Amino acid sequence: MGSCCTPDNSCSTNTVEISTATAVADSTATLYAVSGMTCGHCKTAITNAVGALDGVISVDVDVATGKVTVTTGGEPDDAAIAAAVDDAGYELTGRA
């Protein structure tokens, strides 16, 4: 698994901050552990990949702790979220 970061851990690509906020009465926030994230580009890649899934309301990525909070309208589809994280080049290691 490659990294987009340079050897000094600076990001080698431009990053875009993405924020999604939607109020849903029956939403569920689930915390996942994800390995391989090192920079803002990693955060953007995970946010875009998971945020594109059906039923996902918001994605909050904490690169420093390796945690990703996914808010869904109902129960999350762990397999779909894991596949999206994998497709983005990272590894979802389980619920945190």
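These values consider heavy atoms only, across backbone and side chains, with no hydrogens, waters or symmetry-generated copies. Small disclaimer: the values here were computed from a predicted structure and weren't measured.
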Measure the [atom1]-[atom2] distance between [X] and [Y] for me, rounded to the nearest 0.5 Å.
X	Y	atom1	atom2	result
D60	K67	CG	NZ	13.0 Å
D54	T72	CG	OG1	12.0 Å
M37	T44	CE	OG1	11.5 Å
N48	K43	CG	NZ	12.0 Å

Using side chain to side chain donor-acceptor pair (under 3.5 Å) as the criterion, list what pairs up with D78, not counting sequence neighbours.
Y32, R95
A82: partners by side chain to side chain contact (heavy atoms under 4.5 Å, CB included), with sequence neighbours left out:
L92
Applying side chain to side chain contact (heavy atoms under 4.5 Å, CB included), can you list everything that pairs with D86, at least two apart in sequence or on another chain?
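D86: no side chain to side chain contact (heavy atoms under 4.5 Å, CB included) contacts found.
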Closest heavy-atom contact between [X] and [Y]?
X	Y	result
A88	A45	CB-O, 4.1 Å
A29	T71	CB-OG1, 3.9 Å
S35	Y90	O-CB, 3.6 Å
V59	G51	CG2-N, 3.7 Å
C42	G36	SG-O, 4.3 Å
L53	A80	CD1-O, 3.7 Å

So P76 and V70, do their side chains get closer than 4.5 Å, heavy atoms only?
no
Of T47, V34, D62, the one forming a side-chain contact (heavy atoms from CB on, under 4.5 Å) with V68 is V34
